[in-house]
Enquirer: 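A single structure is presented below for examination.
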Amino acid sequence: MTPGHDPTDYEIGARHSLPIVNVIALDGTMDVPSLPQFHGMPAEQARTAVAEALRSLGVLVKEEPYTHEVGHCSRCGTILEPLVSEQWWVRMASLAAPGIGAAESGEITFHPARYTDVYLHWMRNIRDWCISRQIWLGHAIPVSTCGNGHRFAWIDPPTDCPECGNTSLTADPDVLDTWFSSGLWPFAIFGWPEQTEDLETFYPTDLLVTGRDIIFLWVARMIMTGLKFTGRNPFSDVLITSTIQATDGSRMSKSKGNTVDPLDLVDKFGADAVRAWAAAVCTSGQDVRFDEDRIASYQRFANKLWQVTSGFLVAKVGNGSVAELDVHPPRPETLRPEDRWMLAELAAVVRECDAGFASFRFHESVEALYDTTWHSFCDWYVEIIKLRLADAGDHESRRAAVWTAVTTLDVLLRLLHPFMPFVTEECAQQLPNAAPTLQQRSWPEEDPLWNDEETAAAHHEIAEAIELVQRIRALGHSQRVPRGSRDRIRMVVRAADGRGTSKHITRLIGGLVPATVLDSHERGVDPVVVVSGRLHAEVVIADTAADASATARQIGLLEANVSRLQAQLANPAFVHGAPAQVVDETRRRLAEAIAQLDLLRRGPLGGSADAAG
């Protein structure tokens with residue numbers, strides 16, 4: 001047993017009142033004057049020398065290797081030799097009790113909630129705290145010793161000994177543990193112990209955001225010192241973030257060289273993409289492996305926001321001018337089912353976003369906003385209203401669509417602003433009646449129109465229609481029918497009662513698939529029935545000579561497009577001179593064209609089209 005040189009042995013020795021014998025000096029050499037052959041020898045060298053001495057005396061029974069846990073320096077890898085030494089300590093039982101009560105009463109809440117138990121378990125089993133450190137930098141231990149050997153603590157630097165008046169004072173060479181100093185941070189920086197205006201204004205704060213690895217080192221210390229010295233909790237909520245691991249699942253470490261520089265990520269993907277990714281992974285409660293592809297997805301999301309704002313609403317709908325966007329509120333009766341469906345989706349994402357913020361689950365807010373913005377708004381609603389917006393004759397319907405689109409985008413930009421401030425600000429300035437900054441806009445709230453009975457019914461109807469479209473598209477894809485081959489897919493759309501659906505819903509489904517919508521199929525045709533809620537479609541995939549000719553023409557156009565894109569990407573001046581996002585977009589279009597061309601060539605009509613060509 002070596003109680004003076006091993007933490008476990010020290011615990012055993014304390015329980016059994018064993019003497020503590022130090023045989024290693026502070027410089028790492030052996031401190032054994034009674035054994036001069038080993039005295040002053042480095043500890044590692046002494047281990048070998050002692051074994052050799054025992055062997056020469058014939059008392060060494062055997063040698064065998066075994067695995068043990070010994071601390072090593074993370075920088076140089078040398079063994080750390082524990083020593084028992086005189087240190088300054090703080091008794092913790094009385095400090096911990098108020099901190100335990102604050103968590104038990106709910107005055108301080110951990111998010112996720114399971115970390116409350118982690119905190120309380122440590123606090124209830126807390127040990128006294130060694131607060132002195134033998135390092136160069138830090139707050140000096142406020143203790144001095146006079147020439148007569150009197151040791152005393154002080155608040156203001158002393159000039160003489162309060163016990164004997166001796167003026168020959170020596171300051172304690174130790175400094176405070178870093179976490180002791182850090183524990184004072186919430187109030188010490190505001191002029192404490194003076195009751196300053198800053199202290200009254202900024203202490204306590206609301207939320208502490210940190211990692212689970214310093215719940216004990218920092219969070220608990222701030223709570224205990226805050227309650228001890230100010231009588232108030234330093235914060236009311238503690239958000240424990242996820243830990244970002246290296247790609248192989250190991251812990252990121254500068255010494256390992258597997259860390260990432262956020263500024264490099266910002267240069268590569270943009271600040272908005274990095275911020276949105278961080279919000280999407282930081283509060284899930286699960287550790288996350290670093291994945292650049294996920295950051296890239298938020299870069300594409302930022303591009304999507306800009307495209308739908310500037311490229312679609314302003315450039316196409318407004319003919320390049322914001323003033324051309326008619327955003328006067330339409331009469332409710334002019335709103336079509338798809339408009340009300342989008343407004344209901346908007347109401348849902350406002351609720352989900354608010355709930356995510358209230359529960360400190362920011363990843364849920366980001367995920368809901370990503371899904372609603374990209375899929376509900378950009379993929380579906382914008383696609384649905386394109387034909388309406390092109391119809392200048394139906395002014396009321398066009399106004400309703402423009403107002404719904406602008407209102408939806410405006411709300412989504414405000415909700416996204418905390419996560420992606422730069423692109424949302426830029427997009428917001430493209431919209432009518434823009435404020436100088438989104439920060440001057442109010443936080444979105446649900447409008448009664450977004451939740452009335454008619455809107456709820458329309459949302460259900462359009463949701464069924466969208467699901468039906470997805471299933472018909474999947475059927476067409478399984479039959480290798482390329483998108484856009486309207487004549488290849490022929491269908492009859494009916495409701496559950498066997499009657500036809502409204503003309504508007506039927507046209508909507510036919511336009512989105514796209515497909516040729518019939519009142520009924522010819523006799524002898526055996527259609528495939530596709531069902532979505534109360535809607536069902538009787539679908540026939542046609543295979544005609546006319547279809548073969550159309551497919552051959554489409555193959556020819558795609559081949560020409562592939563050749564043009566390949567030539568563009570083979571030009572070094574374009575690859576190295578054009579903006580990176582333009583080059584990436586060209587590569588994406590080439591990949592899509594090749595995939596569609598391959599689909600057509602392998603399809604039922606692809607062979608005949610090639611043969612005809």
Side-chain angles (χ1 to χ4, degrees), residues 6-8 10-11 14 69 71-74 80 82 85 87-135 137-139 141 174-189 203-245 250-255 282-288 360:
D6 181 85
T8 302
Y10 176 85
E11 297 289 342
E69 293 185 6
H72 286 70
C73 176
S74 61
L80 301 177
S85 58
Q87 304 290 333
W88 292 99
W89 294 73
V90 172
R91 198 177 303 280
M92 298 303 295
S94 61
L95 278 176
I100 292 171
E104 289 178 334
S105 66
E107 295 175 22
I108 295 178
T109 305
F110 283 78
H111 310 274
R114 68 176 182 272
Y115 287 109
T116 301
D117 293 333
V118 175
Y119 164 83
L120 286 174
H121 180 268
W122 186 79
M123 291 285 280
R124 289 167 179 158
N125 296 277
I126 199 166
R127 298 187 178 190
D128 291 342
W129 178 12
C130 175
I131 63 166
S132 56
R133 296 291 183 270
Q134 295 75 49
I135 55 178
L137 298 176
H139 289 124
I141 295 281
D174 290 356
V175 298
L176 289 168
D177 172 23
T178 298
W179 296 110
F180 187 96
S181 300
S182 299
L184 306 175
W185 172 83
F187 52 87
I189 63 172
Y203 184 89
T205 187
D206 295 320
L207 173 68
L208 173 72
V209 182
T210 188
R212 67 173 183 271
D213 51 341
I214 53 175
I215 291 176
F216 316 132
L217 294 171
W218 192 35
V219 179
R221 321 279 184 175
M222 286 191 284
I223 293 173
M224 289 187 286
T225 56
L227 288 169
K228 174 66 177 178
F229 296 117
T230 72
R232 293 183 290 176
N233 295 310
F235 31 74
S236 56
D237 292 279
V238 180
L239 175 60
I240 304 299
T241 62
S242 305
T243 298
I244 306 301
Q245 301 170 333
S250 64
R251 186 176 180 83
M252 286 191 181
S253 168
K254 290 181 180 179
S255 59
C282 74
T283 58
S284 64
Q286 302 294 325
D287 290 348
V288 180
F360 298 97

Enquirer: Nearest 0.5 Å, what's the OG1-NE2 distance between T178 and H139?
Expert: 10.0 Å

Enquirer: So, using side-chain hydrogen bond (donor to acceptor under 3.5 Å, both in side chains) as the criterion, who are the partners of S236 when residues are at least two apart?
Expert: none

Enquirer: Not counting sequence neighbours, which residues clear salt bridge (Lys or Arg N to Asp or Glu O under 4.0 Å) with E104? List them please.
Expert: R124

Enquirer: Would you find more than 12 non-hydrogen atoms of other residues, nucleotides or ligands less than 6.0 Å from R114 atom CZ?
Expert: yes

Enquirer: Less than 4.5 Å apart, any side-chain heavy atom of F187 and any of T225?
Expert: yes

Enquirer: Give, for atom CZ of R221 and atom CZ of F180, the distance between the pair rounded to the nearest 0.5 Å.
Expert: 10.0 Å

Enquirer: Considering only distance and modelled atom types, tabulate donor-acceptor pairs under 3.5 Å from the side chains of residues 115-123, sequence neighbours left out.
Expert:
residue, atom, partner, partner atom, Å
T116, OG1, A113, O, 3.2
Y119, OH, G99, O, 3.0

Enquirer: How many angstroms lie between CD1 in I214 and CD1 in I240, if you round to the nearest 0.5 Å?
Expert: 8.0 Å

Enquirer: Where do Q245 and T243 land on the side-chain hydrogen bond (donor to acceptor under 3.5 Å, both in side chains) test, with the steps shown first?
Expert: CA-CA 6 Å; Q245 301 170 333; T243 298; over 6 Å; no

Enquirer: Quick check on F216: does its CZ atom have over 12 non-hydrogen neighbours (other residues, nucleotides or ligands) under 6.0 Å away?
Expert: yes

Enquirer: Nearest 0.5 angstrom please: I141 CD1 to D177 CG, how far?
Expert: 9.0 Å

Enquirer: Hey, could you give me the CZ/CG distance between F110 and D237, rounded to the nearest 0.5 Å?
Expert: 10.0 Å

Enquirer: Side-chain contact test, heavy atoms from C-beta onward, threshold under 4.5 Å: evaluate it for R212 versus D287 and give yes or no.
Expert: yes

Enquirer: Could I get the full list of ring-ring contact (aromatic ring centres under 6.0 Å, His included) partners for F235, not counting sequence neighbours?
Expert: none

Enquirer: With sequence neighbours excluded, what pairs up with T109 under the side-chain hydrogen bond (donor to acceptor under 3.5 Å, both in side chains) test?
Expert: none

Enquirer: Assess whether atom CG of L137 is packed by more than 12 heavy atoms of other residues, nucleotides or ligands within 6.0 Å.
Expert: no

Enquirer: Not counting sequence neighbours, which residues clear salt bridge (Lys or Arg N to Asp or Glu O under 4.0 Å) with R232? List them please.
Expert: none

Enquirer: Any chance NE2 of H72 has more than 12 other-residue heavy atoms, nucleotides or ligands included, within less than 6.0 Å?
Expert: yes

Enquirer: Looking at W129, I'd like to know if its CH2 atom is crowded, meaning that more than 12 non-hydrogen atoms belonging to other residues, nucleotides or ligands lie closer than 6.0 Å.
Expert: yes

